[in-house]
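Hydrogens, waters and symmetry mates play no part in the numbers below; they use all other heavy atoms, side chains included. We name chains A, B, ... by the order of the sequence lines, and we start the count at 1 in each one.
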Amino acid sequence: MSDKKVRVRFAPSPTGGLHLGGVRTVLFNYLFAKKHGGDFVLRIEDTDQSRYVKGAEEYILECLEWCGLIPDESPVAGGRYAPYRQSERKAIYREYAERLVMQGHAYYAFDTPEELERNRHEIPNFQYGHAYRDTLRNSLTLTQHQVDQLLDAGEPHVIRIKMPENEHIHFNDMIRGNVSFETGQSDDKVLLKADGMPTYHLAVVIDDYLMKITHAFRGEEWLPSAPVHLLLWEYLGWKADMPQWAHLPLILKPDGHGKLSKRDGARLGFPVYAMSWFDERTGELTPGFRELGFLPEAFLNLLAMLGWNDGTDSEIFTLGELVEKFSIERVNKAGAKFDFEKAKWFNSEWIRKSEARSLKPEVIKVLAGKGIVVTDDDFLLKVIDLVKERCILLPDFFHQLSYFFEQPKEYDLASVKPKWTDAKTEFFISFIGILAKTEDISAAGLEQAFKALAEEKAIKAGELMLPFRIMLVGGKFGPHVFDIAVLLGKAETIERIEKALETFKS
RNA sequence: GGCCCGUUCGUCUAGGGGUUAGGACGUUAGAUUUUCAUUCUAGAAACAGGGGUUCGAUUCCCCUACGGGCUACCA
């Protein structure tokens with residue numbers, strides 16, 4: 001590694017929700033930067049005006065905030081290499097593109113999109129490259145005079161890189177090792193579009209250079225265009241400053257094949273985006289991990305384990321531990337199929353591992369969403385501790401907790417009524433009497449009294465436990481019934497028994 | 001089609017010239033929990049195929065197959 005300060009960037013285009021793979025790219029960027037005491041830059045690649053979606057940039061920022069992956073420099077935080085939105089850097093790119101034309105590494109092309117489309121249709125395997133560029137309308141085939149005339153007349157044009165026909169190009173990817181290409185395989189990519197905006201290819205090189213990026217992480221889908229970028233770094237005379245590349249493996253569909261996409265989430269019933277995304281144009285709401293009840297720590301943890309491990313059997317890591325243990329050498333080459341079951345397991349582990357007080361704000365939100373307003377914080381903390389190991393996703397807290405805040409609306413009568421007897425009614429009436437006389441109740445003491453009374457009445461305690469539970473919570477679930485009774489308190493427990501008795505008897 | 005990248009249980013993966021090929025999720029069975037979830041114990045489950053190299057390949061090399069990516073004035 002060089003002695004330069006490590007600087008990485010995440011460069012999303014604001015076109016919609018932030019995908020799992022995107023967040024993982026952010027994560028690896030972040031981990032690498034922080035591991036090496038470097039800077040993490042957020043750069044918005046909004047060069048495609050037709051795909052720009054309002055609100056997407058704010059959404060991305062919010063995602064990063066939720067995850068706790070805060071950029072050191074960004075459009076909102078600013079920084080010495082501002083602006084961080086490519087649309088605001090538009091003026092910068094043309095100069096470099098012209099420079100490439102001047103040097104003979106790029107050229108003006110006047111072909112219309114329609115003409116190119118027709119060529120692609122009519123000529124098998126048509127590519128705007130060495131094989132066809134001499135037959136098209138560009139500054140390679142036109143005279144200097146013609147080109148100047150067209151340019152002066154404001155004729156729409158793009159600037160394309162002139163890919164060498166027979167050059168072997170290779171580079172050392174931090175994840176894949178040596179990767180090599182023949183330059184003639186790639187077409188002459190557009191560098192500057194007719195609207196004056198750069199394409200990704202030009203912008204990424206110029207901005208990475210100007211922003212002094214030292215290590216560039218991106219998805220594997222970018223590998224085929226790497227030679228174009230490499231050439232650009234060379235032609236621009238910046239090769240010594242080129243970042244080290246790391247092409248991350250893709251996250252794949254759990255079933256079939258291919259890259260995981262938004263559609264798969266809807267089809268298979270799990271989120272693909274970090275947070276819900278509402279598409280104003282279609283009115284479609286795509287759910288996110290946050291809204292489904294994932295903890296950001298769990299989300300990050302599961303993403304980190306998709307393509308990386310620390311070499312031990314450990315799987316649960318905090319962000320801090322990930323920063324400490326991360327190493328690019330241990331990132332896998334192969335794509336990973338996403339497994340939602342394992343994702344949920346990570347979340348349940350994190351809920352279990354979390355302190356009740358850190359879970360509290362989220363639980364309050366879950367309950368509030370169901371109309372339960374919590375007034376006693378200490379009580380809430382206690383019940384969270386009692387049930388958290390039974391919750392996989394945050395909304396599970398509603399089911400596990402609601403009966404602490406409101407009496408059961410319905411009882412699982414099928415589990416009690418067929419076996420209900422008058423003797424049982426009497427038992428509970430006596431039990432209420434004992435309860436009323438008990439000064440301070442404990443789970444153990446209560447259980448003892450319950451069992452003693454059962455023996456006295458000659459009823460098996462087991463026949464009574466389930467009904468008691470159903471009286472208190474309504475159904476066959478929840479923690480130990482005497483723990484529940486203690487937390488509910490004497491008065492409330494008595495009230496619930498009395499109320500349930502009415503229903504059970506009739 | 002062309003180019004590039006990849007391939008260890010169903011899934012995520014560890015390992016690496018000689019191993020009973022390890023773990024996790026899921027799954028199966030049993031135990032515990034007088035509810036459910038947990039927990040515990042046990043089990044089934046993998047080196048894509050073919051050639052090399054080697055005393056010995058799952059591990060290194062080549063080929064094939066398969067999978068994936070790219071092939072836009074999108075990123």
On RNA chain B, more 5' by nearest nucleotide between A/Val481 and A/Thr312 is A/Thr312

Among the nucleotides B/U34, B/U11, B/U13, which one has an atom lying closest to any side-chain atom of A/Asp339? B/U11

What's A/Ser186 touching, base or sugar-phosphate or nothing? Going by heavy atoms closer than 4.0 Å. nothing

A/Arg218 versus A/His247, side-chain donor and acceptor atoms under 3.5 Å: yes

Closest to the A/Arg51 side chain: B/C73, B/A75, B/G69? B/A75

Counting the atoms with a prime plus P, OP1 and OP2 as sugar-phosphate, which does A/Ser180 contact under 4.0 Å by heavy atoms, base, sugar-phosphate, or nothing? sugar-phosphate

P atoms of B/G30 and B/A37, separation to the nearest Å: 15 Å

Any side-chain N or O of A/Lys333 less than 4.0 Å from the OP1 or OP2 oxygen of B/G6? no

Report yes if a side-chain nitrogen or oxygen of A/Arg330 is closer than 4.0 Å to either non-bridging phosphate oxygen (OP1 or OP2) of B/G15; otherwise report no. yes

A/Arg24 vs B/C12: side-chain N/O to OP1/OP2 distance below 4.0 Å: no

Describe the nucleic acid contact of A/Pro479 in one word from base, sugar-phosphate, nothing, applying a heavy-atom distance below 4.0 Å. base

Rounded distance in Å - CG (A/Leu223) to P (B/C70): 11 Å

Contact class for A/Gly307 (heavy atom, under 4.0 Å): base, sugar-phosphate, or nothing? sugar-phosphate

Tell me what A/His480 touches on the nucleic acid: a base, only sugar-phosphate, or nothing, going by heavy atoms under 4.0 Å. base

Expected output: side-chain A/Asp111 to main-chain A/Arg137 donor-acceptor under 3.5 Å: yes

Name the nucleic acid region contacted by A/Glu45, choosing base, sugar-phosphate or nothing; use a 4.0 angstrom heavy-atom cut-off, strictly under. sugar-phosphate

Classify A/Asn125 by what it touches in the nucleic acid, base, sugar-phosphate, or nothing, heavy-atom distance under 4.0 Å. base

Can a donor-acceptor pair be found between the side chains of A/Asp188 and A/Tyr107 at a distance below 3.5 Å? yes

Using a cut-off of 4.0 Å on non-hydrogen atoms, how would the nucleic acid contact of A/Gln127 be classed: base, sugar-phosphate, or nothing? sugar-phosphate

Should A/Glu57 and A/Lys54 count as an ion pair when the cut-off is N to O under 4.0 Å? no

Gap between atoms CG and C1', on A/Asn332 and B/A14 respectively (whole Å): 10 Å

May I ask you to say what A/Val387 touches in the nucleic acid, namely base, sugar-phosphate or nothing, with a heavy-atom cut-off under 4.0 Å? nothing

Can you tell me how far OG1 of A/Thr47 sits from CZ of A/Arg89, rounded to the nearest 0.5 angstrom? 12.5 Å

At 4.0 Å (heavy atoms only), tell me whether A/Asp412 reaches a base, stays on the sugar-phosphate, or touches nothing. nothing

Is the base of B/A24 touched by the side chain of A/Lys342 through a donor-acceptor pair closer than 3.5 angstrom? yes

What nucleic acid atoms does A/Met465 come within less than 4.0 Å of, heavy atoms only: base, sugar-phosphate, or nothing? base

When all nucleic acid strands are considered with a 4.0 Å heavy-atom cut-off, which category describes A/Ala336: base, sugar-phosphate, or nothing? sugar-phosphate

B/G23 and B/A46, which share atom name P, separated by this distance in whole Å: 14 Å

With a non-hydrogen cut-off below 4.0 angstrom, is A/Ala194 in contact with a base, only sugar-phosphate, or nothing? base

Roughly how many Å apart are B/U8 and B/A14, using the P atom of each and rounding to a whole number? 10 Å

Do A/Glu492 and A/Gln407 have side-chain atoms, one donor and one acceptor, less than 3.5 Å apart? yes

Is the phosphate of B/C74 approached by A/Lys193 (side-chain N or O, under 4.0 Å from OP1 or OP2)? yes

Which part of the nucleic acid, if any, lies within reach of A/Lys259 when heavy atoms closer than 4.0 Å are counted: base, sugar-phosphate only, or nothing? sugar-phosphate

Phosphate OP1/OP2 of B/C73: any A/Arg160 side-chain N/O under 4.0 Å: yes

